[in-house]
Peer 1: 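If you scroll down you'll find the structure; I have some questions about it.
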Amino acid sequence: MTGASASQNYLAKAAAPEKVGVEGLEDKWSIAWENDGVYRFNREASREQVYSIDTPPPTVSGSLHVGHVFSYTHTDVVARFKRMSGFEVYYPMGWDDNGLPTERRVQNFFGVRCDPSLPYDPSFTPPFEGGDNKSSKAADQIPISRRNFIELCERLTTEDEKQFEALWRKLGLSVDWAQTYQTISPDAQAVSQKAFLNNLSRGEAYQSLAPTLWDVTFRTAVAQAELEDREQPGAYHRVGFDGPDGKVFIETTRPELLPACVALVAHPDDERYQGLFGKTVRTPLFEVEVPVVAHRLAQIDKGSGIAMICTFGDVTDVIWWRELDLPNRAIIGFDGRILADAPEGIESARGLEIFAEIAGKTVFSAKQRIVELLQETGDMVGDAKPISHPVKFFEKGDKPLEIVSTRQWYIRNGGRDAALRDELIAAGKKLNFHPDFMRVRYENWVNGLTGDWLISRQRFFGVPIPVWYALDANGEPDFEKVLTPDAASLPVDPSTDVPAGYTESQRGQANGFIGEVDIMDTWATSSLTPQLAGGWISDPEKYAKVFPFDLRPQGQDIIRTWLFSTLLRSHQESGQLPWSNAAISGWILDPDRKKMSKSKGNVVVPAEPIDNHGADGVRYWAAAARLGTDAAFDEAQMKVGRKLAVKILNAARFALGFEVPAADATVTEALDQAMLLDLAAVIDEATEAFASYDHTKALEVAEKFFWGFTDDYLELVKDRAYGQGGVTEQEQASAVLALRIALHNLLRLFAPFLPYATEEVWSWWQTGSIHRSAWPKSADFANSLDVANRGLLQSAAAAVFKIRKAKSDAQVSMRADVQSATLKAPAELIGQLRQVAPDLRAVGHIFELNLVEASELELTDLVLVAE
RNA sequence: GGGCGUAUGGCGUAGUGGUAGCGCGCUUCCUUCACACGGAAGAGGUCACUGGUUCGAUCCCAGUUACGCCCACCA
């Protein structure tokens, strides 16, 4: 412990500069902290002494955002409090450089795209560097090999990570920079692969050939957690099917899926269609007989109440298809275009002819053509009715998702397993959410899961799924025969590494093997940040000391992804919660209270506010927002924070400027004791607030006390501390010592929020870093104080206020000399004021102050000294 | 359609079952002995709306509205 001796240092000699300011403190101290290893994690600490933080690894895909500064400051404030409270804080930093955002940025930045079929070119240099998001169209991008592409990814992310680190250092995050990780590093790949293989061996990972939500731009499957709805224009087309008793009309927004129609569906209770259930109708144009079926999900009041089921227009189609055991007549390919071959079922020459015409077209063009044809034949009634409706998108994509049948890897997540779901809900109840109501979002998500977690992605820059498949005598893969690597050989790349018992020459050969080409979803790696950050594979000894982590800070938007998936993986791997606390930060809104986002173009780059208002100023703004609450980007608040930092420097310079009292000096005077009693209460309150993750409250009480300290107490004791007005040595020493005790404690109270200004002052008179000093304890100084003095400062301040008001009303300087004045006060107050009368006369420059009992506090009979 | 959160002077925010606090901004005044990156004083609010519980509601309850977010089976 570092702090036991802190209370001995009140009387240290101080060397404050003549002129103080906050300029340059960031550079000066961030370098000093690094050189002195102030935030270095001491791995010799016991598990009980460690406070570990599962820091969010920022996505290293380019631009920084003030939102980053906001939430990371919250975490840092907690880290600093815990460190000062005697914990050995494990505060690492990760970089999320794995996945689509990086791929996309590399494509644009270097003007390239990945073509895994190409060979590696060791001498490749990109056509240019520094392209922005708009400059490169797919057609202009140079195709390069996967290995070349990944090299460029790594090159770019290394640059981006340097920028992030520089920003974090300037902001004053107390991260241990010796503890960093990357989600694409070999260690991260090994962690991901090991966890996956463990899932596989426990039966938690499996593969399945099934309809999958598919992004046609990125040509990859996506998971439920990556979906978002977007309101899109569409149109209802009223289309007639030939039924046994005449036309049956349905309404559809996707007439191009007519050849994929496998049935019509209506609600079992819908009286209009009772006679049709069990019969068949004929699709227009394609002339396929399809059954009319009943299902509870059909909505009586929607459209005509009867809908066509296609393979697959939306996820409801998938449910119908599965539950009603319908045939698969999928017509959309991986590229979002209509497949070349007509599905089974279309047999008529006319139907085949029409299909041939739309084959290869985009969904959009196919729709146009089908509508034309339907109108020509009269199978479509009237014009299309424009509507606006929600459509599912991949959150990073810009074309609607299609549903394509593919073989994919899944991890069980409770979506199809009530027992697991209940376990996960129970685990969530044991996790301390800050604020508590955020737990509901977690529970909503878990209860709303509709399927297992699809983790395979048909992309390039990511962690390969570490399996191979045996090929049969015909050279066809046997997906039942999954070949896995030894744990010791991780990480592996199945496209270049060879499974045990095979040789490279057998790749792709009959009775040989092929490697899995898919990579894992980024969340499959991000869900392992405790294992990555803690050194699960690379440093088991450290891992045992930091896992389970104490804190997971994160944004509310990724409760369904990051928080949930991390909890799931930890539950599967260790049966434990990955952390005991989850601190959820709110959004940053622009001054118009709109969420900041790149698409709105209202993002503020964080380096600017730091340059303009100082790191302490920006941190003050961020720290003033409570967890879970949105905050406006507010430069005025940053100015206030900067002002506070400047005030601390000046007040400290003043308080430390008086002659140092003798070693045996004590705080004897009632007013000085009263001030320290107030401070003791503030320390207790701030400590309690911090303990319950309410850092805003801690800041608020400290700040409130501080302004009263400077405005009132400092003014009251100024003359006495100078030894003016015939005060005794004891009276003088009491004031000076009280000032120093207050400053010593106040600096430490503010240290988590304003690390630069407080460290600067600390360095004038103390040794070591304030950020390794002990968090203040009221018992260090308050036990010897007479509690009868409590409240005296407040009473004195009330009298000072009256004196100032009288001068303000008289429009004279606060320093104007007063010949005489009468202070009237109620009986219970007058005794207190008598105790502090000399200090009151000093602050008011009043030669003769008469104290008179009255019903209300009042200053009268002000007689100024004539000029 | 379901859920969660928020609503307090021009703006940003505390707070409590008993006459509403703070900061910014604003008005007026005060300069140089810690601080003009300053100091002092002042004006400014029927605590979103409607009911209910209560002696008494900004606070508790119900409903409404607005905003934000999450979720939803979206023909």
Side-chain angles (χ1 to χ4, degrees), chain A residues 16 18-23 227-229 231-232 234 236-237 250-254 257 264-265 295-299 302-310 313-320 387-392 435 437-445 447-450 556-557 559-560 586-587 589 591 593-595 613-614 617 621 624-626 628-632 634-637 639-640 642-658 696-697 700-701 703-704 707 710-711 714-715 718 722 800-801 803-816:
Chain A
E18 266 307 300
K19 189 83 182 159
V20 300
V22 294
E23 285 76 17
L227 304 183
E228 70 182 30
D229 284 359
E231 200 65 24
Q232 293 286 303
Y236 280 131
H237 303 75
I250 57 111
E251 293 200 354
T252 179
T253 55
R254 304 213 46 189
L257 291 178
L264 296 191
V265 65
H295 193 277
R296 68 196 143 77
L297 289 183
Q299 289 176 33
K302 196 148 210 169
S304 55
I306 189 163
M308 69 171 182
I309 302 175
C310 304
D314 60 34
V315 293
T316 319
D317 279 341
V318 178
I319 296 170
W320 282 326
I387 55 157
S388 175
H389 63 154
V391 176
K392 283 202 190 307
F437 66 75
M438 289 293 178
R439 180 182 294 102
V440 178
R441 301 194 179 189
Y442 167 80
E443 292 177 350
N444 282 350
W445 174 253
N447 285 322
L449 288 167
T450 57
Q556 56 189 330
D557 52 330
I559 289 174
R560 65 175 182 166
W587 295 115
L589 309 173
R593 300 210 70 80
K594 295 275 187 295
K595 182 185 161 187
H613 308 292
W621 158 74
R626 13 168 48 116
T629 305
D630 296 344
D634 185 0
E635 298 203 81
Q637 278 302 108
K639 285 183 188 154
V640 174
R642 183 189 171 92
K643 202 172 108 169
L644 175 63
V646 170
K647 189 79 172 180
I648 287 173
L649 294 175
N650 280 300
R653 188 169 90 83
F654 178 60
L656 294 171
F658 302 106
T696 53
K697 178 87 177 171
E700 191 185 308
V701 296
E703 193 184 2
K704 188 172 180 205
W707 286 110
T710 57
D711 291 349
L714 228 45
E715 295 297 333
K718 190 182 271 186
Y722 275 124
V800 170
F801 173 79
I803 294 168
R804 284 171 174 162
K805 182 160 169 52
K807 288 192 171 180
S808 191
D809 289 347
Q811 299 200 346
V812 297
S813 163
M814 290 300 138
R815 291 206 168 89

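The analysis underlying the following values was restricted to heavy atoms, covering all of them including side chains, and did not include hydrogens, waters or symmetry mates. Each chain gets a letter, A, B and so on, in the order the sequences are listed, and its residues count up from 1.
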Peer 1: Classify the nucleic acid contact of A:R626 as base, sugar-phosphate or nothing, counting any heavy atom under 4.0 Å across all strands shown.
Peer 2: sugar-phosphate
Peer 1: When you get a sec, tell me which of B:C37, B:C73, B:A40 is the closest nucleotide to the side chain of A:D711?
Peer 2: B:A40
Peer 1: Expressed in angstrom and rounded to an integer, what is the separation of A:W621 atom CH2 from B:G12 atom P?
Peer 2: 14 Å
Peer 1: Does a nitrogen or oxygen in the side chain of A:K302 sit under 4.0 Å from OP1 or OP2 of B:G1?
Peer 2: no
Peer 1: Identify whether any heavy atom of A:E443 sits under 4.0 Å from a base atom; if not, whether one sits that close to sugar-phosphate; answer base, sugar-phosphate or nothing.
Peer 2: nothing
Peer 1: Look at the side chain of A:W621 and the backbone N and O of A:A632, then say whether any donor-acceptor pair between them is shorter than 3.5 Å.
Peer 2: yes
Peer 1: Separation of A:L297 atom CG from B:G1 atom P, in whole Å?
Peer 2: 19 Å
Peer 1: Measure the shortest side-chain to side-chain distance between A:Y236 and A:T253 over non-hydrogen atoms and say whether it is less than 4.5 angstrom.
Peer 2: yes
Peer 1: So what does A:A298 touch, heavy atoms closer than 4.0 Å: a base, only the sugar-phosphate, or nothing?
Peer 2: base
Peer 1: Once rounded to the nearest 0.5 Å, what's the spacing between atom CD of A:Q637 and atom NE2 of A:H613?
Peer 2: 11.0 Å
Peer 1: Base, sugar-phosphate or nothing for A:I319? Non-hydrogen atoms, less than 4.0 Å.
Peer 2: nothing
Peer 1: Mind checking the CD1-NE2 spacing from A:I319 to A:H295? Nearest 0.5 Å is all I need.
Peer 2: 7.5 Å
Peer 1: So A:W320, base contact, sugar-phosphate only, or nothing? Heavy-atom distance under 4.0 Å.
Peer 2: base
Peer 1: Salt bridge check, A:R642 against A:E23: does any charged N sit closer than 4.0 Å to a carboxylate O?
Peer 2: yes
Peer 1: Under the side-chain hydrogen bond (donor to acceptor under 3.5 Å, both in side chains) test, which residues partner A:E715, sequence neighbours left out?
Peer 2: A:K718
Peer 1: Using heavy-atom distances to pick each residue's nearest nucleotide on RNA chain B, tell me which of A:E700 and A:A655 is more 5'.
Peer 2: A:E700
Peer 1: Please name all residues satisfying side-chain hydrogen bond (donor to acceptor under 3.5 Å, both in side chains) with A:N650, sequence neighbours left out, ordered by chain then number.
Peer 2: none
Peer 1: Side-chain N or O of A:K805 versus OP1/OP2 of B:A41: is the shortest distance under 4.0 Å?
Peer 2: no
Peer 1: Reading RNA chain B 5' to 3', how would its secondary structure be written in dot-bracket notation, given Watson-Crick and G-U pairs with both distances under 3.5 Å, brackets [ ] for crossing pairs and | for partners on other strands?
Peer 2: (((((((..((((....[..)))).(((((.......))))).....(((((..]....))))))))))))....
Peer 1: List every contact pair, protein side and nucleotides 24-31 of chain B side both N or O, where the distance is under 3.5 Å.
Peer 2:
unit_1	atom_1	unit_2	atom_2	d
B:C24	OP1	A:K643	NZ	2.9
B:C30	O2'	A:S813	OG	3.3

Peer 1: Just verifying a value: how many Å separate A:D711 CG and A:F801 CZ, rounded to the nearest 0.5 Å?
Peer 2: 12.0 Å
Peer 1: Remember a base hit wins even if backbone is also touched, and classify A:T629 as base, sugar-phosphate or nothing at under 4.0 Å, heavy atoms.
Peer 2: nothing
Peer 1: Need to verify one output field. Residue with the more 5' nearest nucleotide on RNA chain B, A:T450 or A:V800?
Peer 2: A:V800
Peer 1: Could you give the CG-to-P distance, from A:D229 to B:A75, as a whole number of Å?
Peer 2: 11 Å
Peer 1: How is A:E23 classified with respect to the nucleic acid when contacts are heavy atoms under 4.0 Å: base, sugar-phosphate, or nothing?
Peer 2: base
Peer 1: Let me have a per-nucleotide readout for nucleotides 2-8 of chain B, 5' to 3', with B, S or -, counting only protein heavy atoms under 4.0 Å.
Peer 2: -SBS---
Peer 1: For the NZ atom of A:K302 and the CD atom of A:E251, what is their distance to the nearest 0.5 Å?
Peer 2: 11.5 Å
Peer 1: What's the gap between B:C47 and B:G9 when it is taken at their C1' atoms, as a whole Å value?
Peer 2: 10 Å
Peer 1: Categorize A:E703 for me: base, sugar-phosphate, or nothing, with a 4.0 angstrom heavy-atom threshold over every strand shown.
Peer 2: nothing
Peer 1: Using a heavy-atom cut-off of 4.0 Å across all strands, would you classify A:D317 as base, sugar-phosphate, or nothing?
Peer 2: nothing
Peer 1: Suppose we screen for ring-ring contact (aromatic ring centres under 6.0 Å, His included). Which residues come up paired with A:F654, at least two apart in sequence or across chains?
Peer 2: A:F658
Peer 1: Looking only at side-chain atoms of A:K647, point me to the closest of B:A75, B:C37, B:G39.
Peer 2: B:G39
Peer 1: Within this structure, what is the CG-to-P distance between A:L644 and B:C22, rounded to whole angstrom?
Peer 2: 17 Å
Peer 1: Any side-chain heavy atom of A:I250 within less than 4.5 Å of one from A:L264?
Peer 2: yes
Peer 1: Counting only side-chain heavy atoms from C-beta out, which of B:G12, B:C37, B:G39 sits nearest to A:W707?
Peer 2: B:G39
Peer 1: From the set B:A36, B:G12, B:A75, return the single nucleotide nearest to any side-chain atom of A:K19.
Peer 2: B:A36
